[in-house]
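Order of the sequence lines sets the chain letters (A, B, ...), proteins ahead of strands, with each chain counted from 1.
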Amino acid sequence: MKNIKEHIQEAISSSLAGLDVKIGLENPRNPEHGDLSTNIAFLLAKRLKSSPRKIAEEICRAFKVDSDYLERVETAGAGFINFTFSRAYLLRLAAEILTAGENYGRCDIGKGKRVNLEFVSANPTGPLNIVSARAAALGDSLKRILNACGYRAESEFYVNDAGMQIEKLGESVIARYAELNSIEGIEFPEDGYKGEYIYRIAKKYTPTQTVNWNKLTEQDRNHAGLFAVRDNIKFQDYILRRFSVIFDRWYFESLVRVYKKHIEVSYALMNKGLTFEKDGATYFKSTIWGDDEDRVLWTSDGRPTYFLPDIAYHQDKYDRDFEWLIDIWGPDHHGYIPRMKAALQALEHPPETFTVIIAQQVNLIRGGEKVTMSKRAGEMVTMDDLLEEVGVDAARFFFLQRKASAHLDFDLDLAVKETEENPVFYVQYAHARICSIERFAEGEGVSGEPDWDLLKEKEAFDLMRKLAQYPMVVESCGRNLETPRITMYLGELAYSFHRFYQKHRVVTGDKELSAARLGLCRAVKIVLFNGLDLLGVSAPERM
RNA sequence: GCGCCUGUAGCUCAACGGAAGAGCAACGGCCUUCUAAGCCGUAGGUUGAAGGUUCGAGUCCUUCCAGGCGUACCA
């Protein structure tokens, strides 16, 4: 049995007799416009020197309606052609969903391409913040979506466990340690990490045996810094796991440095004549690829900047045979995009193999006012605070409802207070309700293969039409690296189901009809489950 | 100054260049029946402004206006 889109595309192509045109099919927003619609007549108007309306009518006339797929084909508006699915197609589809199970909705637009998704990559200097939570939800969900679209996607967290900030972190820990142990003469560094969590770490910390409190060395600071890094990473991983985000790989900047990958990359750029020295620093000529200014790779005192090992890290992803790199960065890094794109192009990677998604900022609203957050002052609402307050499912669903590029106001009071009216619960409730019906049906002895032909109700067919849209939604999200369509779709599917439920009792004295309706419910349950799974949101069996 | 993001219903936000939508809030109805965390109904719009491209613009281009973020030899 052919895919219905292919069926329509072939049927139109044959009536166009050799005209080479891509026939786009989309879901009309208005149900009166059928189940699929094409704008092909508009696109052909110029070439055929005719009006869209006339072309649409001609295509319509030539179109042989096969009732295995379609009930109706008609022109509308200024030249749209609308297709309405046939009863036979929809019933067959419901049966197919039961067979396909978790595979329903998958496609193969990715063709096995290996994708590396890097996200969160927060500094190991403290707890995760709210933007990290958003990036985590987005990245993890995109990984699930891409895998459902036939890509082989892996997730990666890059840990910046090297460089100045680690020393600074160590200095902060040592200062707090000194404070806790009444050791004199250690000042808290002016730009140190002031959060309460540093005390927590300092309490667990044991300084090096050789420590001289009057003269702290770089080694002392690094020792404390790495201790704090390990503690922070452990906590970050713990919170991410609670958020249903499990990274395939944690990649350490210190490893880049140990294996001198950054030096390799530095030489590679130098040998291409793409670097120069100025005021004792080494620059990369990123302006060649449109960056605003050339960027420093090595500082004048001989340290690599953050940028250089990061280039090496990205080169390493290519070396590990990833064909497409997707990075999700916070809004504070958007200025960083041109230089990284420049560096990767300089290393001869085609620009389309590297995509950056900026996860825009999140404003937390509490008591109708923006919660002010200052990392330096240590006033943060952290990711674990958020999980504590609104829960995993609500938090993920909220984040994924918005496209990444949109700023997001997250009203904490509302999310907590309105738990019962939360969109995620609406969708989950539909799933739980179907599970409940299944339990009831079992008790009533409803079983056996559904006789789909018994389904006649309008609401049942509305539901099947919705089920038919699901694969297109997944594919579209995979193509656009977006999630809001899925949350939106699940809301619509749940709505269609609740309507059906309200109007037609599933389990009745008529066992045959009950089995057919139960079959439809099970198809809905499968799609709800699959969709929620792409979001990393649970599908509860009872609520 | 320059760069990026955003501006759509009272609020939060959708809408591959295709035929303006949802949820919440408001108002009015529906539980002897498989979960009322549900359903039905009412109301709500010059898509920030003005031009342009197009058969067709919330969407693309230009110029404004408003809000946010960024603009390091930090990460």
Nucleotide A75(B), atom C1' - distance to CG of Asn232(A) in whole Å: 15 Å

Salt-bridge present (Glu438(A), Arg522(A); N to O < 4.0 Å): yes

With Asp327(A), the side chain to side chain contact (heavy atoms under 4.5 Å, CB included) member among Lys317(A), His333(A), Glu156(A): Lys317(A)

Between A43(B) and A9(B) - C1' atom distance, rounded Å: 11 Å

Exercise: do Asp316(A) and Tyr251(A) side chains pair donor with acceptor under 3.5 Å: yes

Sugar-phosphate only, base, or nothing, as touched by Ala45(A) at under 4.0 Å among non-hydrogen atoms: nothing

Selected nucleotide, minimal atom distance to Arg499(A) side chain, candidates A36(B), C40(B), C73(B): C40(B)

Presence of donor-acceptor pair under 3.5 Å, side chain of Thr305(A) and base of C73(B): no

N-O pairing of Arg517(A) and Glu457(A) below 4.0 Å: yes

Sugar-phosphate, base or nothing in reach of Ala441(A), heavy atoms under 4.0 Å: nothing

Sugar-phosphate, base or nothing in reach of Arg303(A), heavy atoms under 4.0 Å: sugar-phosphate

Nearest-Å distance once atom C1' is located in both C64(B) and A72(B): 32 Å

Sugar-phosphate, base or nothing in reach of Lys503(A), heavy atoms under 4.0 Å: nothing

Rounded distance (Å) that lies between atom P of C16(B) and atom CD of Glu475(A): 15 Å

For atom CZ of Arg29(A) and atom P of A14(B), their distance in whole Å: 14 Å

First encountered from the 5' end of RNA chain B, between Gly77(A) and Phe410(A): Phe410(A)

Which nucleotide in A15(B), G67(B), G18(B) has an atom nearest any side-chain atom of Glu482(A): A15(B)

Separation between the C1' atoms of G58(B) and A20(B), rounded to whole Å: 8 Å

Whether His262(A) and Trp298(A) hold their rings parallel, tilted or perpendicular, with breakpoints at 30° and 60°: tilted

Sugar-phosphate only, base, or nothing, as touched by Asp409(A) at under 4.0 Å among non-hydrogen atoms: sugar-phosphate

Syn or anti conformation of C5(B), syn meaning chi within 90° of 0: anti

Sugar-phosphate, base or nothing in reach of Asn27(A), heavy atoms under 4.0 Å: nothing

Distance, C1' atom - from G18(B) to A50(B), rounded to whole angstrom: 24 Å

Interatomic distance where OH belongs to Tyr495(A) and C1' belongs to A37(B) [whole Å]: 17 Å

Nearest to side-chain heavy atoms of His498(A), which nucleotide of A14(B), A19(B), G38(B): G38(B)

Length of the line joining Met164(A):CE and A72(B):P, which is rounded to integer Å: 17 Å

Pair Tyr470(A), Glu475(A): side-chain N/O donor-acceptor within cut-off below 3.5 Å: no

His314(A) vs Phe354(A), ring-ring contact (aromatic ring centres under 6.0 Å, His included): CA-CA, chis, key distance, verdict: CA-CA 9 Å; His314(A) 283 77; Phe354(A) 177 59; 5.6 Å; yes

Note: Lys403(A)-Glu482(A) ion pair, threshold 4.0 Å (strictly below): no

Distance, rounded to the nearest Å, where Glu26(A) contributes CD and A19(B) contributes C1': 10 Å

Sugar-phosphate, base or nothing in reach of Leu408(A), heavy atoms under 4.0 Å: sugar-phosphate

Glu57(A) and Arg53(A) ion-paired at < 4.0 Å: yes

Base C5(B) to side chain His407(A), donor-acceptor N/O within 3.5 Å cut-off: yes

Span that lies between the P atom of C11(B) and that of A25(B), in whole angstrom: 15 Å

Sugar-phosphate, base or nothing in reach of Ser300(A), heavy atoms under 4.0 Å: base

Ring centroids of His33(A) and A19(B) base under 5.5 Å with planes under 30°: yes

His334(A) (side chain) and G3(B) (base): donor-acceptor pair under 3.5 Å: yes

Phe410(A) ring center within less than 6.0 Å of Phe399(A) ring center: yes

Span that lies between the P atom of C73(B) and that of G68(B), in whole angstrom: 27 Å

Pairwise 5' ranking along RNA chain B for Gly24(A) and Ala432(A), keeping only the more 5' one: Gly24(A)

Interatomic distance, Arg402(A) CZ vs G68(B) P [rounded to whole Å]: 20 Å

Polar side chain donor-acceptor pair, Gln428(A) to Ser538(A), under 3.5 angstrom: yes

Aromatic ring of Phe80(A) stacked on base six-ring of A19(B), 5.5 Å, 30°: yes

Phe83(A): which of Ile4(A), Val73(A), Asp35(A) passes side chain to side chain contact (heavy atoms under 4.5 Å, CB included): Val73(A)

Sugar-phosphate, base or nothing in reach of Asp279(A), heavy atoms under 4.0 Å: base

Touch class at under 4.0 angstrom, heavy-atom based, for Arg505(A) against every strand present: base

Arg465(A) to Phe85(A), cation-pi by 6.0 Å centre distance and 45° axis angle: no

Nucleotide of A14(B), C55(B), C73(B) approaching Phe42(A) most closely (side-chain heavy atoms): C55(B)

Sugar-phosphate, base or nothing in reach of Thr282(A), heavy atoms under 4.0 Å: nothing

Sugar-phosphate, base or nothing in reach of His504(A), heavy atoms under 4.0 Å: base

Nucleotide A75(B), atom C1' - distance to CE of Met340(A) in whole Å: 12 Å

RNA chain B-proximal residues of residues 483-492 of chain A, any heavy atom under 4.0 Å: Arg485(A), Met488(A)

Where RNA chain B forms stems, i.e. three or more consecutive Watson-Crick or G-U pairs with both distances under 3.5 Å: B:1-7 with B:65-71, B:10-13 with B:21-24, B:26-30 with B:38-42, B:48-52 with B:60-64

Integer angstrom distance from the P of A19(B) to that of A36(B): 37 Å

C1' gap between A14(B) and U71(B), integer Å: 32 Å

Side chains of Gln165(A) and Lys168(A), donor plus acceptor under 3.5 Å: no

Shortest side-chain distance from Asn123(A), nucleotide among C39(B), A75(B), A19(B): A75(B)

Check: Asp161(A) side chain, A75(B) base, donor-acceptor under 3.5 Å: no

